[in-house]
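The next block holds one structure in the form of C-alpha cells; read it before the comments.
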Amino acid sequence: YGILNLTGIDPKFISVADVDIEVDYSNKSEIGSDRIVDAYASKVLYGDNCIVVDTGTATTIDVVHNGKYIGGVIMPGIQTSLYAIFQKASKIPKISLDTPKKVIGKTTEECLRSGIIIGLAKGIEGVIEEIFKEIGHTNFQIIFTGGLSDKIFEIVKFNNKNIDKDLMLKGLKLIAVKKV
C-alpha cells in the first residue's frame, strides 16, 4: 500500500524547481528537499540573510544570502553521534538528552551529554563564525529548527537567533498555498 491507496492523496515530492528561491549550488538535484524548504521558509519569514540550523539525523547549516540559497554544511546530528558511540564502545550507557548544566562531567553519562550536546553546539557556533568570515558580515538571522534544536539553542552564543521548530511545516504550507 502506498500513500495514495491509504489516504487518497497523491504525495508531492519537493525539489528546487518547486521553491521560489534562487539557488547557487553546483548540482541542484543533490540538495535535500528539507534543506531547500527550510531555506525558502527562512527567506520568506525571516528575511534575505538567514542561516538555518536544522538538528535532525544530520545537523545541517544552510545559508540564504541576499535572498539566494548559496549552500551550507552537513555534520552528524546528536542522535547519529550517540548511535556511533554506542556501536563502537562497549561500556557506553544509554543516556538522556537533557541539556548539560556544566561542561565537565562527573559521570560517564554527564561526560557524554556534554561532549555530544555542548560539543555540537560549539561546533555549530564555530561553523557560523566561519560563514560570517567567508561572507564578510554578520548581519544574519540564525534560525534553529528540528526536533533537538531546543537542546543546543541556549548554548550557542549569538544574539540574532530564533527557534522555529515548525519551519519545515511552514515552508511546505507556503509552497502548497502558492501552488493553489
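Position 1 is the first residue of the sequence; numbering continues from there. Both backbone and side-chain heavy atoms feed into the values below; hydrogens, waters and symmetry mates do not.
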So, taking the atom named [atom1] in [X] and the one named [atom2] in [Y], what distance separates them when rounded to the nearest 0.5 Å?
{"X": "Tyr25", "Y": "Ile31", "atom1": "OH", "atom2": "CD1", "result": "5.5 Å"}
{"X": "Ile142", "Y": "Asn49", "atom1": "CD1", "atom2": "CG", "result": "11.5 Å"}
{"X": "Ile124", "Y": "Lys122", "atom1": "CD1", "atom2": "NZ", "result": "10.5 Å"}

Tell me, do [X] and [Y] make a side-chain contact under 4.5 Å, heavy atoms counted?
{"X": "Leu4", "Y": "Ile9", "value": "no"}
{"X": "Val64", "Y": "Phe140", "value": "no"}
{"X": "Thr99", "Y": "Glu154", "value": "no"}

### Residues that Lys173 engages under side chain to side chain donor-acceptor pair (under 3.5 Å), provided they are two or more places apart
none
### Message
Quick check against the 3.5 Å criterion: does Asp164 have a side-chain atom that pairs as donor or acceptor with the backbone of Leu167?
### Response
yes
### Query
Would you find a donor on one side and an acceptor on the other, under 3.5 Å apart, between the side chain of Ser81 and the backbone of Gly77?
yes
### Task
Would you sort out whether Lys165 and Phe153 count as a side-chain contact (heavy atoms from CB on, under 4.5 Å), showing the intermediate values?
CA-CA 11 Å; Lys165 288 187 127 190; Phe153 180 76; over 6 Å; no
#### Entry: For the student: nearest non-hydrogen atoms of Ile143 and Ser42, plus distance
CD1-CB, 4.0 Å
### Message
Under the criterion salt bridge (Lys or Arg N to Asp or Glu O under 4.0 Å), I'd like the reasoning laid out for Glu125 against Lys161: C-alpha separation, chi angles, the key distance, then a yes or no.
### Response
CA-CA 12 Å; Glu125 198 173 274; Lys161 64 182 179 175; over 6 Å; no
### Summary
ring pair (Phe, Tyr, Trp, His ring centres under 6.0 Å) filter on Tyr46, not counting sequence neighbours, yields none
### Residues in ring pair (Phe, Tyr, Trp, His ring centres under 6.0 Å) contact with Tyr40, at least two apart in sequence or another chain
none
### Query
Are Tyr83 and Leu97 co-members of a hydrophobic cluster defined by side-chain heavy atoms under 4.5 Å apart?
no
Tabulate below the donor-acceptor pairs under 3.5 Å that side-chain atoms of residues 50-61 make, not counting sequence neighbours, or state none.
unit_1	atom_1	unit_2	atom_2	d
Thr55	OG1	Thr145	O	3.2
Thr55	OG1	Leu148	N	3.4
Thr55	OG1	Ser149	N	2.8

### Message
If you count every heavy atom of other residues, nucleotides or ligands that lies below 6.0 Å from Asn27 atom CG, does the total exceed 12?
### Response
yes
### Query
When you look at Ile14 and Lys12, which way does the side-chain contact (heavy atoms from CB on, under 4.5 Å) test go after all the steps?
CA-CA 6 Å; Ile14 304 297; Lys12 170 72 175 146; 4.1 Å; yes
### Message
Quick one, Asp20 with Lys43, criterion salt bridge (Lys or Arg N to Asp or Glu O under 4.0 Å). Give me CA distance, side-chain angles, the key distance, then yes/no.
### Response
CA-CA 10 Å; Asp20 188 21; Lys43 176 188 171 190; 6.0 Å; no
Could you pull out every donor-acceptor pair under 3.5 Å between side chains of residues 109-121 and any protein atom, sequence neighbours left out?
unit_1	atom_1	unit_2	atom_2	d
Glu109	OE2	Ser96	N	3.4
Glu109	OE2	Ser96	OG	3.4
Glu109	OE2	Arg113	NH1	2.8
Glu110	OE1	Lys106	N	2.6
Glu110	OE1	Thr107	N	3.4
Arg113	NE	Asp98	O	3.3
Arg113	NH1	Ser96	OG	2.9
Ser114	OG	Val103	O	2.5

### Task
Kindly determine whether Lys28 and Ile36 satisfy side-chain contact (heavy atoms from CB on, under 4.5 Å), including the steps that lead there.
CA-CA 10 Å; Lys28 292 177 176 88; Ile36 199 66; over 6 Å; no
Solution key, residues 65-74 side-chain donor-acceptor pairs under 3.5 Å, sequence neighbours excluded:
unit_1	atom_1	unit_2	atom_2	d
His65	NE2	His137	NE2	3.1
Tyr69	OH	Arg35	NH2	3.1
Tyr69	OH	Asp62	OD1	2.7

### Donor on one side chain, acceptor on other, Gln141 and Asn162, under 3.5 Å
yes
